[in-house]
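A short write-up of the structure that comes next.
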Amino acid sequence: MRFPGRFAEQLIADQLSHISLSFLVDDLVVRRGGVGGNIAYAMGVLGGAPVLVGAVGPDFAEYRKWLESNGVDCSGVRVSETAHTARFVCTTDEDMAQIASFYPGAMSEAREISLGEVAERVGPLDLVLVGANDPDAMIRHTDECRERGLPFAADPSQQLARLGGDEARRLVDGATYLFTNEYEWGLLRQKTGLTEDEVRSQVGVRVTTLGAKGVDVVDSDGNWVHVEVVPEKGKVDPTGVGDGFRAGFLFAQARGLGFERAAQLGCLVAVLVLETVGTQEWRFDRDEALTRLTDAYGVEAADEIAAIL
């Protein structure tokens, strides 16, 4: 929602303990989102076969149809009988100040989902991305991956701030991939007390996104690949950019491309999200994508990526 004024003008310093305000907004937009939904949607658009795992409410029906129409298998989704789907509600004023609330709702029931039961329904799981979710669910699914020998990607992102050091170490240990942005990478080391070398000894590949500076990919031997971003046509909405990168990177890896090409495809999907309002409003045009990849990384890179699209 958008408030055509300034929150600061409505706040009285000596009355904050009695605050009671209602803002008349002039705009309301409802968009699909959630890190799991965003990543699965992007992988489906690229031609993958993602299985979404999470807990939702009975209000999920329309969203389910949208995801399934874009190649997402929603059979791993648990529908709560008592709570609505998690949602983020935000009002922004003219100064870009925000008042927001996050309702976890059915998300807390994700801890009841068994990956073993998901695999029984859909077949063997190639990789499990454990993203920001109910913290107990994140721990359960990480533990289950280790117990079952399933490769997994650790992507704590927004939940890292509320995790303790022991919990964060538990999510990282044994991960095939570790995804963070630059700030989260520092926060992860602070929370866990692990050095860069110690993290490298516990994970297969560290992928650290650097915003406009691109992305670093470092394997367990210390081999380092840096990829610059695809130049954007305009910065419209940064929400979901990281999710788009993860989808493109993992899709390319699953199709057999190396780290550099995978990161390049990830950067392309990220910029498509950046240039669009909303996390799932972007569209993928193969010819245009290859032109932009050629301009950014050269003909050889575009040709190799084209083979999987």
Side-chain angles (χ1 to χ4, degrees), residues 35-36 39 43 53 111 115-116 119 124-211 213-229 242-243 245-267 270:
V35 293
I39 294 171
M43 293 189 77
V53 177
R111 67 188 70 172
L115 294 180
L125 304 177
D126 301 314
L127 177 80
V128 177
L129 185 146
V130 182
N133 196 351
D134 171 71
D136 288 344
M138 296 169 70
I139 295 294
R140 172 181 178 167
H141 294 148
T142 302
D143 287 345
E144 195 172 357
C145 284
R146 281 191 288 259
E147 292 165 3
R148 295 178 176 274
L150 295 171
F152 69 95
D155 184 18
S157 56
Q158 295 99 321
Q159 291 292 36
L160 188 57
R162 67 170 290 173
L163 295 172
D166 290 342
E167 293 173 316
R169 283 191 292 271
R170 196 168 162 187
L171 291 176
V172 168
D173 189 23
T176 301
Y177 301 94
L178 169 62
F179 288 100
T180 68
N181 61 29
E182 190 171 18
Y183 179 81
E184 292 162 353
W185 170 228
L187 182 60
L188 176 70
R189 284 176 289 159
Q190 180 188 81
K191 288 245 181 182
T192 62
L194 298 172
T195 66
E196 181 174 346
D197 288 343
E198 288 171 332
V199 173
R200 191 165 63 238
S201 72
Q202 295 183 22
V203 305
V205 182
R206 172 172 67 85
V207 184
T208 307
T209 56
L210 310 171
K213 295 181 290 183
V215 58
D216 287 335
V217 183
V218 187
D219 69 15
S220 57
D221 294 324
N223 298 309
W224 197 292
V225 173
H226 177 78
V227 171
E228 297 289 340
V229 299
D243 300 332
F245 173 83
R246 286 151 174 76
F249 181 89
L250 291 175
F251 174 81
Q253 282 273 279
R255 291 295 192 275
L257 294 187
F259 296 145
E260 183 178 20
R261 298 293 181 253
Q264 289 167 344
L265 180 58
C267 287

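Positions are given from 1 along the sequence.
One finds the OH atom of Tyr183 at 15.0 Å from the OG1 atom of Thr208 (value rounded to the nearest 0.5 Å). The distance from atom CZ of Arg206 to atom CH2 of Trp224, rounded to the nearest 0.5 Å, is 5.0 Å. The structure places CZ of Phe152 at 7.0 Å from OG1 of Thr176, a figure rounded to the nearest 0.5 Å. Rounding to the nearest 0.5 angstrom, the gap separating the CZ atom in Arg169 from the CD atom in Glu198 is 10.0 Å. The distance from atom CG of Leu188 to atom CG of Leu194, rounded to the nearest 0.5 Å, is 7.0 Å. One distance of note links CD of Glu147 with OG1 of Thr142; it measures 10.5 Å at 0.5 Å rounding.
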Please report the C-alpha distance between Asp173 and Arg146 in whole Å, then the side-chain angles of each, then the deciding distance to 0.1 Å, and finally whether the side chain to side chain contact (heavy atoms under 4.5 Å, CB included) criterion is met.
CA-CA 9 Å; Asp173 189 23; Arg146 281 191 288 259; 4.0 Å; yes
Assess whether side chain to side chain contact (heavy atoms under 4.5 Å, CB included) is satisfied between Leu257 and Leu265, documenting all intermediate values.
CA-CA 10 Å; Leu257 294 187; Leu265 180 58; 5.8 Å; no
The test is side chain to side chain contact (heavy atoms under 4.5 Å, CB included); show your working for Glu184 and Phe179 and say whether it passes.
CA-CA 9 Å; Glu184 292 162 353; Phe179 288 100; over 6 Å; no
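In terms of heavy-atom proximity, Leu178 sits nearest to Val203 at CB-CG1, 4.2 Å. Residues Gly165 and Thr192 approach most closely at O-CG2, 4.1 Å, considering heavy atoms. Annotation for Arg200 and Val218: closest pair CD-CG1, 4.3 Å, computed over non-hydrogen atoms. Summarising the geometry of Gly211 relative to Val229, their closest heavy-atom pair is O-CG1, 3.4 Å, with the distance given to 0.1 Å. Between Ala262 and Ala252, the closest heavy-atom pair is CA-CB, 3.5 Å.
Proximity of Ile39 to Leu129: side-chain heavy atoms (C-beta onward) are separated by under 4.5 Å at one or more points. The closest side-chain heavy-atom distance from Asp155 to Tyr177 is not below 4.5 Å. Using a 4.5 Å cut-off on side-chain heavy atoms (C-beta onward), Arg170 and Asp143 make contact. Counting only heavy atoms from C-beta outward, the side chains of Phe245 and Val207 approach each other to under 4.5 Å. In this structure the side chain of Val227 reaches within 4.5 angstrom of the side chain of Glu260, judged on heavy atoms.
Glu167 places no side-chain N or O within donor-acceptor distance of the main-chain N or O of Ile139, the cut-off being under 3.5 Å. Between the side chain of Lys191 and the backbone N or O of Ala168 there is no donor-acceptor pair closer than 3.5 Å. Proximity of a side-chain donor or acceptor of Asp134 to a complementary backbone N or O of Asp136 within less than 3.5 Å is detected. A donor-acceptor pair is defined here as one N or O able to donate and one able to accept, closer than 3.5 Å; no such pair exists between the side chain of His141 and the backbone of Gly131. Between the side chain of Gln159 and the backbone N or O of Asn133, at least one donor-acceptor pair lies under 3.5 Å. Put simply, the side chain of His226 never gets that close to the backbone of Val217: no donor and acceptor are under 3.5 Å apart. A donor-acceptor pair is defined here as one N or O able to donate and one able to accept, closer than 3.5 Å; no such pair exists between the side chain of Arg189 and the backbone of Val199.
Residues forming a side-chain contact (heavy atoms from CB on, under 4.5 Å) with Val35 (at least two apart in sequence, or on another chain): Ala132, Gln158, Asp243.
Shown here is Asp126, whose CG atom has no more than 12 heavy atoms of other residues, nucleotides or ligands within 6.0 Å.
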